[in-house]
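Before any comments, here is the structure.
Computed over heavy atoms, backbone and side chain alike; hydrogens, waters and symmetry mates excluded. Residue numbers start at 1 and run along the sequence shown.
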Amino acid sequence: MAETNGKPAFDKPKIELHVHLDGAIRIKTIVEVAKRRGITLPANGEDKMRELVIMHEPATLTEFLGKFKHYMHAIAGDREAIKRIAYEFVETKAEEGVMYVEARYSPHLLANKGVDPLPWDQEPGDITPADVVALVNQGFKEGEKAFKTKVRSILCCMRHMPNWSMEVVELCKKYRQDGVVAIDLAGDESLSCESYPGHNTHTHTHTHQEAVRSEVHRTVHAGEVGSASAVKEAVEVLKAERIGHGYNTLEDQTLYKQLLQQNMHFEMCPVSSTLTGACDPDFTKHPLITFKKDKANYSLNTDDPTIFNTTLNSDYQVVQKYMDFTEEEFKRLNINAAESCFLSAKEKKELLEQLYEAYGMLDKTLLSSVLL
């Protein structure tokens with residue numbers, strides 16, 4: 001990652017919409033939980049684990065995904081650990097000046113019962129995906145009360161595990177009044193929902209159709225390492241309301257212009273995108289610069305801060321240093337993020353009012369029309 005130091009690029013309240021809970025776990029917590037559970041980690045101590053887990057140089061999405069195998073077996077299938085990582089997540093975001101955050105995760109990847117196959121070579125236990133959601137919600141609520149940062153969650157379907165997807169949308173429906181605001185589709189974009197025959201097509205598409213019917217909000221990882229066609233599929237087939245990443249939308253200018261006109265929200269993760277090989281490692285050539293120039297609707301996000309060794313503030317510093325972001329652009333993108341979040345209309349209005357007040361923007365109606 002590019003070196004960034006000094007004062008925060010933007011010291012006012014921020015909104016974050018794309019961050020994975022399981023990619024935001026403290027290394028200290030991983031080591032302590034593993035010790036308590038008698039679980040062996042691939043490296044001894046915090047420093048060596050940190051060295052193993054962090055991506056230091058641009059690589060591939062496959063290499064990035066492999067990092068989770070180093071530590072997820074220590075956290076998954078343990079009630080205390082699942083609740084703890086949720087609580088600590090809120091504390092971390094509060095320290096970063098985040099007013100509202102939507103954290104995403106796959107409930108199945110933290111469970112040890114009712115999941116086929118069991119992830120991370122776990123022994124069968126008694127924690128179902130539904131139990132995971134309840135535990136995360138509990139941790140988030142306690143964190144919100146303690147640290148005053150508002151947090152909601154997005155439940156992830158995994159492209160390579162279509163047999164989990166219908167349960168994910170049912171969990172979204174079950175917990176919609178208890179902290180869960182949306183469904184996501186994450187994983188390998190080459191496993192497209194239309195191109196691959198059989199259950200993959202049917203299940204993911206059917207899941208998102210059920211989400212539409214049930215009025216569950218939808219975001220989809222697309223156009224990160226996949227082509228613009230993955231973005232087109234996310235919008236047209238899966239009915240995504242937001243796009244996770246979406247850098248390669250620029251390959252298809254017709255689609256890009258159409259999504260600009262529709263005010264589609266793009267969840268941008270600048271540092272993540274260079275380390276996974278999704279974008280050129282030269283920040284001055286990042287697609288985000290085009291999105292900024294065209295006044296697109298986007299947010300800035302960390303994605304997986306543990307693995308990328310980042311904070312939301314360091315991502316802001318990067319775009320300020322290499323992409324000429326100004327305070328006015330930071331305000332604009334955070335207001336767009338608040339407008340595009342998955343809160344209820346009433347809560348969204350309250351969030352926007354808090355932002356306007358924090359940004360010293362008094363003529364809200366006029367400024368809203370200008371900024372959006």
In plain terms, say whether E144 and R152 are close enough for a salt bridge, that is, a side-chain N and a carboxylate O under 4.0 Å apart. yes

Separation between NE2 (H70) and NE2 (H73), nearest 0.5 Å, reads 10.0 Å

Let's go through K12 and N334 carefully: what are the C-alpha distance in whole Å and the side-chain angles of both, what is the deciding distance for side chain to side chain donor-acceptor pair (under 3.5 Å) to 0.1 Å, and is it a yes or a no? CA-CA 10 Å; K12 295 177 172 59; N334 276 286; over 6 Å; no

Start with the C-alpha gap between E347 and S344, add the side-chain angles, then the distance that decides, and say whether side chain to side chain donor-acceptor pair (under 3.5 Å) holds. CA-CA 5 Å; E347 289 178 294; S344 67; 3.2 Å; yes

State which residues pass ring pair (Phe, Tyr, Trp, His ring centres under 6.0 Å) with F330; sequence neighbours excluded, sorted by chain then number. F10, Y316, F325

Name every donor-acceptor pair, under 3.5 Å, that has one atom in a side chain of residues 93-104 and the other anywhere in the protein, sequence neighbours excluded.
| unit_1 | atom_1 | unit_2 | atom_2 | d |
| --- | --- | --- | --- | --- |
| K93 | NZ | E16 | OE1 | 2.7 |
| K93 | NZ | E96 | OE1 | 2.9 |
| E96 | OE1 | L312 | N | 3.3 |
| Y100 | OH | E102 | OE2 | 2.7 |
| E102 | OE1 | R242 | NH1 | 3.0 |
| E102 | OE1 | R242 | NH2 | 2.9 |
| E102 | OE2 | F342 | N | 2.8 |
| R104 | NH1 | H18 | ND1 | 3.4 |
| R104 | NH1 | D184 | OD2 | 3.0 |
| R104 | NH2 | L17 | O | 3.0 |
| R104 | NH2 | E267 | OE1 | 3.0 |
| R104 | NH2 | E267 | OE2 | 3.4 |

Between E339 and K349, does any NZ, NE, NH1 or NH2 come within less than 4.0 Å of an OD or OE carboxylate oxygen? no

Between N297 and S340 the two heavy atoms that sit nearest each other are ND2-OG, 3.1 Å

Looking at E80 and R84, does any basic side-chain N land under 4.0 Å from a carboxylate oxygen? no

Side chain to side chain contact (heavy atoms under 4.5 Å, CB included) involving K174 - partner list, sequence neighbours excluded: A130

Which pairs of donor and acceptor atoms, one on a side chain in residues 37-53, lie under 3.5 Å apart (sequence neighbours left out)?
| unit_1 | atom_1 | unit_2 | atom_2 | d |
| --- | --- | --- | --- | --- |
| R37 | NH1 | A74 | O | 2.7 |
| R37 | NH1 | A76 | O | 2.9 |
| R37 | NH2 | A76 | O | 3.4 |
| E51 | OE2 | H56 | NE2 | 3.4 |

Rounded distance [0.5 Å steps], CD1 in I27 versus OG1 in T29: 9.0 Å

Evaluate the ring pair (Phe, Tyr, Trp, His ring centres under 6.0 Å) criterion for residues F147 and F89: first the C-alpha distance (whole Å), next the side-chain angles of each, then the deciding distance (0.1 Å), finally the verdict. CA-CA 10 Å; F147 308 113; F89 174 87; over 10 Å; no

T274 vs H286, side chain to side chain donor-acceptor pair (under 3.5 Å): CA-CA, chis, key distance, verdict: CA-CA 8 Å; T274 59; H286 199 282; over 6 Å; no

Using atom types as modelled and distance alone, determine if a side-chain donor or acceptor of N137 lies under 3.5 Å from a backbone N or O of A134. no

Could you check whether any side-chain N or O of S214 sits under 3.5 Å from a backbone N or O of V216, counting only pairs where one atom can act as donor and the other as acceptor? no

Y105 side chain reached by S153 side chain, heavy atoms, under 4.5 Å: yes

Non-neighbouring partners of F68 that pass ring pair (Phe, Tyr, Trp, His ring centres under 6.0 Å), sequence neighbours left out: F64, Y71

Using modelled atom types only, decide if a donor and an acceptor are shared between the side chain of Q122 and the backbone of P119 within a distance under 3.5 Å. yes

Any salt bridge linking E350 with K346? Criterion: basic side-chain nitrogen under 4.0 Å from a carboxylate oxygen. yes

If you measure from CD1 on I54 to CG on N309, what distance do you get to the nearest 0.5 Å? 3.5 Å

Taking 4.0 angstrom as the limit, do R176 and E215 come out as a salt bridge? no

Of all residues at least two apart in sequence or in a different chain, which pass the side chain to side chain contact (heavy atoms under 4.5 Å, CB included) check with A86? V136, F140

So which heavy atom on S165 is nearest to which on T203, and how close? CB-CG2, 4.0 Å

Please lay out, stage by stage, how F291 and Y256 fare under the test ring pair (Phe, Tyr, Trp, His ring centres under 6.0 Å). CA-CA 10 Å; F291 284 82; Y256 176 58; 5.3 Å; yes

With side chain to side chain donor-acceptor pair (under 3.5 Å) as the test, would you mind laying out the steps for S299 and N301 before giving the verdict? CA-CA 6 Å; S299 51; N301 310 277; 3.0 Å; yes

Can you tell me how far the CD1 atom of I30 sits from the OG1 atom of T306, to the nearest 0.5 Å? 6.5 Å

Would you give the length of the straight line joining atom CG of L61 to atom CD of E224, rounded to the nearest 0.5 angstrom? 5.0 Å

For the residue pair D282 / Y322, report whether a side-chain donor-acceptor contact shorter than 3.5 Å exists. no

G244 and T219 have their tightest heavy-atom pair at N-OG1, 4.0 Å

Ion pair check, K141 and D178, cut-off under 4.0 Å: yes

Any heavy-atom pair between the side chains of R79 and I82 that's under 4.5 Å? no

Would you call D324-K292 a salt bridge at under 4.0 Å N-O? no

Looking at K173 and E210, does any basic side-chain N land under 4.0 Å from a carboxylate oxygen? yes

